[in-house]
Amino acid sequence: MAASSTRRGLGGRLLKPIVLTRLMLFSARHVPDRTPRDVGLAYRDVEFAAADGVRLRGWFLPAGPDAGPAVVVVHGWLWNRLGNVAGCVPFTDTDVDFLPAARALHDAGISVLLMDLSNHGESGSRLPVTFGLREWQDVVAAVDFLRARTDVDPDRVGALGCSMGGNAVIYGAAECGTIKAILAVQPAVVSHFNSHFARDELGRPGPLMVRSMDLLYRVLRAPLPSQEDPAVPAAQLGDTVVRYVQGTGDPWGTMDDVRAMAAATPNALPVVEYESSGRYEGYRYVTDQPDEVAAFFAEYL
């Protein structure tokens, strides 16, 4: 019995790097198991295409019939348009629910687009996952979709992005004309995030293994994770008002990286240093502070 348990434990340790590498490259799909109707919101199923043809799916929550402000909500790695459901990944996480913020935005007269990024939820594939370096195309497509609607004022569009979604929003905003306001929750310098994440999950060899990821991305002819730094496109955001949020207890992202992004952003507000005990607890700013989320966009859209 003890020998069998030892073999299972060893097998699990050997398998985990393979599982995590697969998730980093190809993601995992979790189909939404609820709808905005669960919080009393009417919605419409929508579908639109990125410039490279990838089909993207989501829900549009109209605030009213007249042209008004709108916010696209962009989720993180391995999530879907609703946020994150705890227990679906091989590492410690917690629930992150976008519906309270969607409710608060709607009540403030702001329409909402909840969307699945490529390789996530019910949207199409664009492999490998690049943590924002290609997913920005999804953000541009979402903003174009909103600006084409008669019930959205094209000059009053904002974006909320978490983690990879925060990266994608920053890269995308630099490509699609002025977005009025961005709330970026725990965006990350991917090489730093991956190194810390790998050490946490795989031990001392983890960061060395992460460095080999660039080779895989070269083989797949994809942008290299080691070259990603949201501070670079953030410097191009001009008049866009950006508020960054970073959890104080995040073991994978760093406050210094987020402060550097804010310093590079022409029109950044002070960084919100959100009290947290871990990475996912920092994301819960969106779930636990919906009134702050809505107040930010109500002021700057």
| Taking all atoms of both residues into account, what is the closest heavy-atom pair of Ile170 and Leu237, and its distance? | O-CD2, 4.0 Å

| message | For the backbone of Pro187 and the side chain of Ser163, can you confirm whether one donor and one acceptor N or O come within less than 3.5 Å of each other? | response | no

| message | Tell me if a side-chain donor or acceptor on Asn167 pairs with a main-chain N or O of Ala188 at a distance below 3.5 Å. | response | yes

| query | Less than 4.0 Å between a side-chain N and a carboxylate O, is that true for Asp107 and Arg103? | reply | yes

| request: Could you pull out the closest heavy-atom pair between Val293 and Ala101, with the gap in Å? | output: CG1-CB, 4.3 Å

| Short side-chain to backbone donor-acceptor contact, Thr35 and Arg37, under 3.5 Å | yes

| query | Would you say the side-chain atoms of Thr21 pair up with the backbone N or O of Ile18, donor to acceptor, closer than 3.5 Å? | reply | no

| message | Do Leu127 and Met24 land in one hydrophobic cluster if side-chain heavy atoms of ILVMFWY residues count as linked below 4.5 Å? | response | yes

| task | Run the numbers on Leu202 and Lys16 for side-chain contact (heavy atoms from CB on, under 4.5 Å), then give the verdict. | result | CA-CA 8 Å; Leu202 303 175; Lys16 191 168 187 179; 4.1 Å; yes

| query | Do Tyr43 and Trp59 have their ring centres less than 6.0 Å from each other? | reply | yes

| message | Ignoring hydrogens, what is the shortest heavy-atom contact between Pro128 and Arg134? Give both atom names and the distance. | response | CD-NH1, 3.9 Å

| said: If you define the side chain from C-beta out and look only at heavy atoms, does anything of Leu25 sit under 4.5 Å from Tyr217? | reply: yes

| query | Are Pro90 and Leu23 side-chain neighbours, meaning at least one heavy-atom pair lies under 4.5 Å? | reply | yes

| Is any side-chain N of the basic residue among Asp153 and Arg147 closer than 4.0 Å to the acidic one's carboxylate O? | no

| Please walk me through it: do Tyr283 and Trp79 pass ring pair (Phe, Tyr, Trp, His ring centres under 6.0 Å)? | CA-CA 12 Å; Tyr283 296 136; Trp79 305 8; 4.9 Å; yes

| message | Any donor-acceptor pair under 3.5 Å linking the side-chain atoms of Asn80 with those of His30? | response | no

| So does Glu122 pair up with Arg81, basic N to acidic O under 4.0 Å? | yes

| query | Going by atom types only, do Glu135 and Ser118 share a side-chain donor-acceptor pair under 3.5 Å? | reply | no

| request: State plainly whether one hydrophobic cluster holds both Val89 and Met213, where clusters connect Ile, Leu, Val, Met, Phe, Trp and Tyr through side-chain heavy atoms under 4.5 angstrom apart. | output: yes

| said: Would the distance check show the side chain of Asp151 and the main-chain N or O of Pro65 forming a donor-acceptor pair, the cut-off being under 3.5 Å? | reply: no

| field | Backbone of Ser277 reached by a side-chain donor or acceptor of Glu281 within 3.5 Å | value | no

| message | Looking at Arg34 and Asp97, is there a salt bridge between them, counting it only when a charged N and a carboxylate O are closer than 4.0 Å? | response | yes

| query | Distance only, no hydrogens: is a donor on one side chain within 3.5 Å (strictly under) of an acceptor on the other, for Asp93 and Asn84? | reply | yes

| request: Evaluate side-chain contact (heavy atoms from CB on, under 4.5 Å) for Leu82 paired with Asp33, printing each intermediate quantity in order. | output: CA-CA 9 Å; Leu82 283 172; Asp33 59 354; 4.0 Å; yes

| task | Give me the ring orientation class for Phe197 and Phe91: parallel if the planes are under 30° apart, tilted from 30 to 60°, perpendicular past 60°. | result | perpendicular

| ILVMFWY cluster, Val85 and Leu99 together (side-chain gap under 4.5 Å) | no

| Trp252 side chain near Gln186 side chain, heavy-atom distance below 4.5 Å | no

| query | Hey, is the main chain of Gly249 close enough, under 3.5 Å, to the side chain of Ser276 for a donor-acceptor pair? | reply | yes

| said: In the structure I gave you, are the side-chain heavy atoms of Val73 and Met115 within less than 4.5 Å of one another anywhere? | reply: no

| Shared ILVMFWY cluster between Val140 and Val71, side chains joined below 4.5 angstrom? | no

| Salt bridge check: are Arg279 and Asp250 linked by an N-O gap of less than 4.0 Å? | yes

| message | If you compare all heavy atoms of Thr240 against all heavy atoms of Ile179, which two are closest, and at what distance to 0.1 Å? | response | OG1-O, 2.6 Å

| said: Taking the ring centre of each residue, are Trp77 and Phe193 less than 6.0 Å apart? | reply: no

| Asp52 with Arg126: basic N within carboxylate O range, under 4.0 Å | yes

| Within the distance-only criterion (no hydrogens, no angle test), does the side chain of His192 pair as donor or acceptor with the backbone N or O of Val190 below 3.5 angstrom? | no

| Does some side-chain heavy atom of Val129 sit less than 4.5 Å from a side-chain heavy atom of Met164? | yes

| query | Which is it for Asn194 and Ser191 under the side chain to side chain donor-acceptor pair (under 3.5 Å) test, yes or no, and what are the steps along the way? | reply | CA-CA 5 Å; Asn194 285 351; Ser191 60; over 6 Å; no

| request: May I ask you to say whether Arg156 pairs ionically with Asp66, meaning some side-chain N is under 4.0 Å from a carboxylate O? | output: no

| request: Assign the ring pair Tyr274 / Tyr285 to parallel, tilted or perpendicular, where the plane angle (0 to 90°) is split at 30° and 60°. | output: perpendicular

| said: I'd like to check Val74 versus Leu160 (side-chain heavy atoms, cut-off strictly below 4.5 Å). Are they in contact? | reply: no

| task | Identify the heavy atoms of Ala231 and Ala264 that sit nearest to each other, and give their distance. | result | O-CB, 3.5 Å

| said: Determine whether Val271 and Met261 satisfy the following criterion, side-chain contact (heavy atoms from CB on, under 4.5 Å), listing intermediate values before the conclusion. | reply: CA-CA 10 Å; Val271 174; Met261 295 175 206; over 6 Å; no

| Heavy-atom side-chain proximity of Val242 to Leu269 below 4.5 angstrom | no

| message | Can a donor-acceptor pair be found, under 3.5 Å and without considering hydrogens, that links the side chain of Thr94 to the backbone of Tyr280? | response | no

| field | Under-4.0 Å salt bridge between Glu292 and Arg243 | value | no

| Under 4.5 Å between any side-chain heavy atoms of Glu273 and Gln246, yes or no? | no

| said: Quick check on side-chain contact (heavy atoms from CB on, under 4.5 Å): which of Val169, Thr265, Asn267 does Ile182 satisfy it with? | reply: Val169

| said: Quick check against the 3.5 Å criterion: does Arg29 have a side-chain atom that pairs as donor or acceptor with the backbone of Ser123? | reply: yes

